[in-house]
Amino acid sequence: MSKHLARIAVTILFFFFGGISASWASRIPTIKEAFGVNDSAWGFVLLYISIGTLITLPIAGKIIDKLGSKNATLIFLLTYFVLLIGIGYWDVLWQLKLNLVMFGAISNITNISINTQAIKVSKQYKGQIIGSLHGTWSIGGFAASWLGAEMISSYVPPINHFIYYSSVGIFFSILLFKHLVPEDKTPQTDSPIKESKKGFQLPDKNLAMLGLLAFFAMVAEGMMTDWSSEYMKHVTLAPIQLVGYGLTAYMFAMASGRFISDFTVRRFGEQKTLLFCGILLFIGLGASVLFPSVYSTIISFMIVGLGVSAVVPMCYNLAGHNKSMAPQQALTLVTSIGFIGFFLGPPVIGFIAQHSSLKTAFAIVALFGLAISVLSRFIVIESNSQTE
């Protein structure tokens with residue numbers, strides 16, 4: 001199988017995978033308003049996504065081991081598309097909550113399986129390429145958020161919007177499946193990694209630190225995905241035509257930063273890149289709080305996108321090259337810890353917004369940027385992480 005075809009296939013699937021969450025995020029104000037719930041109550045609605053994610057943390061690795069990452073990527077990506085349509089279909093709140101539980105569960109398994117494919121593809125190339133793969137995920141999110149903004153301004157119902165997007169995504173997922181990297185059945189007796197137990201394991205110190213960095217970054221990502229449109233609508237008082245463009249600016253900057261990160265990692269290394277990312281995250285969120293006008297906030301959200309762009313791809317890449325356990329198991333651990341932040345953060349933000357303000361919540365998450373900068377110096381960089 002051509003490694004280039006495999007890279008193209010995984011890249012396109014990352015594009016559609018990123019677009020699913022952005023499609024949902026772009027329509028959150030519309031769906032929230034349709035159900036007539038306040039910020040605090042909506043925060044707890046979002047918590048159901050976290051519940052689904054938490055349910056799958058101990059079993060995601062086992063499922064992928066059994067199916068293989070190639071089959072798992074197709075099966076769960078298709079299911080993810082169907083659940084996106086479901087979000088726009090239900091008109092009773094408990095039905096939406098049940099759908100969101102399944103949405104969170106399938107999102108986590110899809111994320112781990114497609115990133116396992118990314119690690120398999122990246123190991124066929126010299127130097128880091130995972131930043132560009134994640135960059136394509138962000139481009140997918142940018143394109144989907146732009147589409148969502150257009151759908152909002154054209155008053156297209158969420159169910160129609162989600163059907164249009166999912167139909168195209170399902171077609172390409174089935175078409176590209178044959179080019180994904182199959183499982184290697186040959187035992188690697190010369191591998192420096194010790195035989196690991198199957199199932200969920202506790203990470204070593206370095207993997208735990210990578211998971212913590214991913215957690216901080218994904219809290220910010222989750223907040224931007226689920227609350228940036230609300231911030232534009234209620235804090236900056238943006239007109240409806242501009243509400244979706246804060247998220248669009250963030251997604252655009254995130255995509256750009258991830259493509260750039262492959263170069264910065266080669267030039268300056270992971271630790272300096274993480275340090276700079278944390279500072280940008282702090283500045284971007286801080287500026288959105290201090291200068292909450294429409295256009296200054298859009299610029300601030302672009303800075304936030306640059307700040308969070310490279311953190312998660314670097315954490316995944318470093319986990320995939322660790323020597324304490326198999327790459328897929330390490331990736332599952334770091335991804336699971338990080339995704340707790342992605343899905344647990346938004347409902348907490350909603351709670352803070354209801355009892356204080358959305359600006360206060362954004363200010364608190366800005367401090368996570370400083371935490372990323374400080375903790376990056378404690379990361380151990382494996383010698384082959386940049387050269388393989």
Side-chain angles (χ1 to χ4, degrees), residues 10 13-14 17-18 20-21 49-70 72-73 75-77 80 103-123 128 130-131 133-138 141 196 198-222 225 254 258 261 270 274 308-322 324-346 372 379 382 385:
V10 172
L13 293 184
F14 261 97
F17 179 48
I20 296 175
S21 59
I49 299 179
S50 306
I51 293 172
T53 302
L54 291 171
I55 290 172
T56 58
L57 292 186
I59 61 174
K62 294 180 180 179
I63 293 172
I64 296 171
D65 282 338
K66 185 175 182 62
L67 296 175
S69 63
K70 178 178 179 178
T73 296
I75 292 170
F76 293 107
L77 187 56
Y80 201 25
F103 193 72
I106 297 303
S107 174
N108 187 45
I109 302 175
T110 306
N111 180 67
I112 295 171
S113 60
I114 200 171
N115 273 285
T116 301
Q117 279 289 308
I119 294 294
K120 288 178 180 291
V121 171
S122 68
K123 288 187 175 181
Q128 177 176 301
I130 198 166
L133 293 176
H134 280 253
T136 307
W137 180 92
S138 298
S196 303
K198 293 184 177 181
F200 191 83
Q201 302 176 57
L202 293 175
D204 63 18
K205 181 179 179 181
N206 198 50
L207 286 175
M209 189 65 69
L210 291 172
L212 186 59
L213 290 178
F215 174 87
F216 287 142
M218 285 191 171
V219 168
E221 288 187 27
T225 300
M254 175 184 276
R258 285 181 167 174
S261 72
E270 284 92 343
L274 284 168
V308 300
S309 62
V311 178
V312 171
M314 281 191 289
C315 289
Y316 286 1
N317 192 54
L318 290 171
H321 288 88
N322 89 99
S324 64
M325 67 173 62
Q328 180 168 315
Q329 294 171 328
L331 183 62
T332 300
L333 288 166
V334 172
T335 301
S336 298
I337 296 171
F339 257 59
I340 293 174
F342 188 81
F343 290 120
L344 195 59
I372 290 172
I379 296 296
E382 302 289 355
S385 65

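None of these values were measured; they are calculated from a predicted model. When a residue number appears, it is its place in the shown sequence, counting from 1.
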Review point. So do Leu318 and Glu270 actually touch side chain to side chain, heavy atoms under 4.5 Å?
Key: yes
Taken in chain and number order and not counting sequence neighbours, the residues that satisfy ring-ring contact (aromatic ring centres under 6.0 Å, His included) with Phe76 are none
Contacts of Ala310 meeting side chain to side chain contact (heavy atoms under 4.5 Å, CB included) (sequence neighbours excluded), chain-then-number -> Ser261, Thr273, Cys277, Met314
Here the gap from Leu331 atom CG to Asn317 atom CG, rounded to the nearest 0.5 Å, amounts to 10.0 Å
Of all heavy-atom pairs linking Ser107 and Tyr80, the shortest is OG-OH, 3.2 Å
Here the salt bridge (Lys or Arg N to Asp or Glu O under 4.0 Å) pairs for residues 105-119, sequence neighbours left out, are none
Here the pair of heavy atoms bringing Val311 nearest to Ala217 is CG1-CB, 3.6 Å
Rounded to the nearest 0.5 Å, the CG atom of Leu67 sits from the CD1 atom of Ile109 at a distance of 9.0 Å
The reported gap from SG in Cys315 to CG in Leu274 (rounded to nearest 0.5 angstrom) is 6.0 Å
Closest non-hydrogen contact found for Val312 with Glu221 is CG2-OE2, 3.5 Å
Between the OH atom in Tyr316 and the CD1 atom in Ile112, the distance rounded to the nearest 0.5 Å is 8.0 Å
side-chain hydrogen bond (donor to acceptor under 3.5 Å, both in side chains) filter on Thr56, not counting sequence neighbours, yields Asn108
Sorted by chain and number, sequence neighbours left out, side chain to side chain contact (heavy atoms under 4.5 Å, CB included) with Ile114 holds for Leu13, Phe14, Phe17, Thr73
Heavy-atom nearest pair, Ala319 first then Leu210, reads N-CD1, 3.8 Å
Heavy-atom closest pair (Ile337 atom, Leu212 atom, distance to 0.1 Å) is CG2-N, 4.2 Å
Closest non-hydrogen atoms of Arg258 and Gly135, given as atom of the first, atom of the second and distance, are CB-CA, 3.5 Å
